[in-house]
Amino acid sequence: MINISFPDGNVKQFEDFPDGVVVAKSISEGFARNCVAMEVDGKLLDLSRTIDRDAGVRFITSRDPEGLEILRHSAAHVMAEAVLKLYPDAKLTIGPTVEHGFYYDIDMPPISEDDFPAIEAEISKIIKEKKPIVRREAPKSEALALYANEPYKLEMISALEDGTISLYTQGIFTDLCRGPHVPHTGFIKAVKLMKVSGAYWRADPSNPQLQRIYGTAFFDKKELADYLNFLEEARKRDHRKIGAALDLYSFHDEAPGMPFFHPNGMAIWNALLEYWREEHRSAGYVETKTPIILNRSLWETSGHWENYRDNMYTVVIDDIESAIKPMNCPGGMLLYKMSRHSYKDLPLREGEIGLVHRHELSGVLSGLFRVRAFHQDDAHIFMTPDQIESEILGVLRLVDRMYSTFGLGFHLELSTRPAKSIGSDEQWAAATNGLTSALNAYGADFKINEGDGAFYGPKIDIHIKDAIGRTWQCGTIQLDMSLPERFDLSYVGADNDKHRPVMIHRVIYGSIERFLGILVEHFSGKFPLWLAPVQVVVLPINDDLAPFARELHQQFETAGLRSSVDDRSESLKKKIREAQLRQIPLIITAGEKERDQNTLSVRTLDGKVRFGIAINVFIKDAMENIKARKLALDMFSD
RNA sequence: GCCGACGUAGCUCAGCUGGUAGAGCACUUCACUCGUAAUGAAGGGGUCCCCGGUUCGAGUCCGGGCGUCGGCUCCA
């Protein structure tokens, strides 16, 4: 007799040792059909496993994230079987799940996406057969014998403890696997191969090149279709495409990874910085600027010369070795050290929009998202140890305010002390407690990444969520126990003794280039009025009205709107089409009626047209919308 | 950096097994003067990424370089 308790608090008794299916059926037949696996006392197991003692059981269904992961792992096995059928000489290595699907690394001749349909057809066959996926445990000797011709599997089995080896079989295909898996292949209702790329066994280039085949799988076809739509939507929003179409920025072979900003891009850039300065001024920050080339001795003091050299651009001028800064902090240290600081001056919040260069590997460059030259909206806050909590809280509130302005949600992650670190246990405890209590005071949930902090201190990362649900890490708040030490920073306390200040680095946009790219994708090029590169365009309906249109344009510019006028001798329809494609939020058509009545007709990006709007009212409403940095163009009362 | 694909007009792309480069859009000019998503006609525009090789002949084949894109953390 054993007792099995469920998450809802219910407890059921069973006579013999039941397997998962029996327990699930005790809830209901229908429920049992939807179960893919179970969690027994926190461990994920196949439904076929028996439960031989009192335990807490939670069933995993297609609705649980774990369920999808298990499904994808099973799908990886099915794909492996399909590949082996078509390529009998292929040697399997590993096939894990990844964020949006799974892959399997297979030692086989190179294949391309053209080979996918054939593999997918085999996969479909296996799925249709609803083959049971059966687990069994095997002694090491047997497993070794079974995989005599599979060098990679042999290598893996050799590294495993005898008695811990499990095999999963579907039909005639057996794979070494920890599991768990779905009960039969029929659970995989939708599967699609996504791409193939090269990979190395154990990620080591000296090992043989493998084919990594990526796929994704879902419990139903609609979910797959939704996912493919999402990819398509993301593709349409690609900031590299939109950036070119809207004439925002460009990239050139002459400076790989270093973006060129065009006038339209700079309009957004400047709007972002203007906003940043406004928020920071009112949050008690001052702004500084430090050089981008600093000599070697500074980088030796900071430790970058030793630890970050591979990523730094270096120059020798007049026999003096220097580096182009990859980070702003060392310059900030020098500024701090210029004068004696009293505890009364702290916290000192110094912001810097700093241009940094980092030599990223050529293969990782990607539009504005991964560049070699970028600006950080950096700030260094110097404070006394007992100010940690309130300062971190202040940064969190600033982050909250700023991201909200863009309609970006976010979540927080705390990273704690890593294995390799500097500083004492007490320092780490104080620092980590400071961050934790600030997070608690701020009041939002946060995730903890144990051991993921920097060697010099714990940190809080801020992950934003864009309009289509993708997350990006932008902001970060890092406590630094290294640089104040290396640069021997101090302040004079109330006791008239020297003390070491605590320092944090923090960014909110992160990289302004990257943040701008994220905004392009977030808004899909349809910026709110305050960010739009061109806010209003005036279109005369014919050449006779061009002077009136130019007059309006002048009036808008004088009022502070980013305005343009399209007085080409083209048809009105054509000019409207182009203005729409350029995503200009306010399109003004200037005709006789407007000129005679001193009003405007305003077309917005949704295609709606409002007539008879008084010019001064239009300007006032637009300026108010911009000043409030509204997300919506809510300047019309209807 | 490594693996793969790609690099042709300002943009998007076509160009078969090697035979002197093409479309649409954009641009220029002319005509049209237009009331809410493309007026028409004519014209200009190319070191086919760069360097080297094979060949009577290379955008096309071969080698090297540069750049772009995707992948390179996920461990049976």
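Chain identifiers are assigned alphabetically (A, B, ...) following the order of the sequence lines, protein sequences preceding nucleic acid strands; residue numbering begins at 1 within each chain.
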Practice item. State whether A:Tyr249 and A:Arg240 meet the cation-pi test: NZ (Lys) or CZ (Arg) under 6.0 Å from the six-membered ring centroid, and within 45° of the perpendicular axis. Key: no
Point to revise | Any donor-acceptor N/O pair under 3.5 Å between B:U33 base and A:Asp543 side chain | key: yes
Review point. Checking only heavy atoms, does the side chain of A:Glu594 share a donor-acceptor pair with the base of B:G35 at less than 3.5 Å?
Key: yes
**Study point:** Phosphate contact (B:G70 OP1 or OP2) by A:Lys195 side-chain N/O below 4.0 Å
**Key:** no
**Study point:** Nearest-angstrom distance, C1' atom, B:A41 to B:A5
**Key:** 42 Å
Point to revise | Position toward the 5' end of RNA chain B (nearest nucleotide), A:Leu361 or A:Glu578 | key: A:Leu361
**Study point:** B:G67 and B:C27, which share atom name C1', separated by this distance in whole Å
**Key:** 27 Å
Review point. How about A:His239 and A:Phe369: are their ring centroids closer than 6.0 Å?
Key: yes
Check your understanding: Taking CG from A:Asp566 and C1' from B:A38, how many angstroms apart are they, rounded to a whole number?
Key -> 13 Å
**Study point:** Matching residue for A:Leu539 among A:Leu545, A:Asp567, A:Asp566, A:Val565 - test: side-chain contact (heavy atoms from CB on, under 4.5 Å)
**Key:** A:Asp566
Check your understanding: Would you say the ring centroid of A:Phe515 lies under 6.0 angstrom from that of A:Trp472?
Key -> no
Review point. Whole Å only: how far is the CZ atom of A:Arg235 from the P atom of B:G70?
Key: 12 Å
Review point. Whole Å only: how far is the NE2 atom of A:His239 from the P atom of B:C69?
Key: 9 Å
Review point. For atom C1', what is the distance between B:U8 and B:G15, given to the nearest Å?
Key: 9 Å
Exercise for review: Quickly work out the A:Tyr200 OH to B:C3 C1' distance and round it to whole Å.
Suggested key: 5 Å
Check your understanding: Expressed in whole Å, how much space separates the P atoms belonging to B:A26 and B:U12?
Key -> 15 Å
Point to revise | Rounded interatomic separation in angstrom, taking CG from A:Leu539 and P from B:U33 | key: 19 Å
Review point. Within the modelled atom types, does a donor on one side and an acceptor on the other bring the side chain of A:Thr589 and the base of B:U36 under 3.5 Å apart?
Key: yes
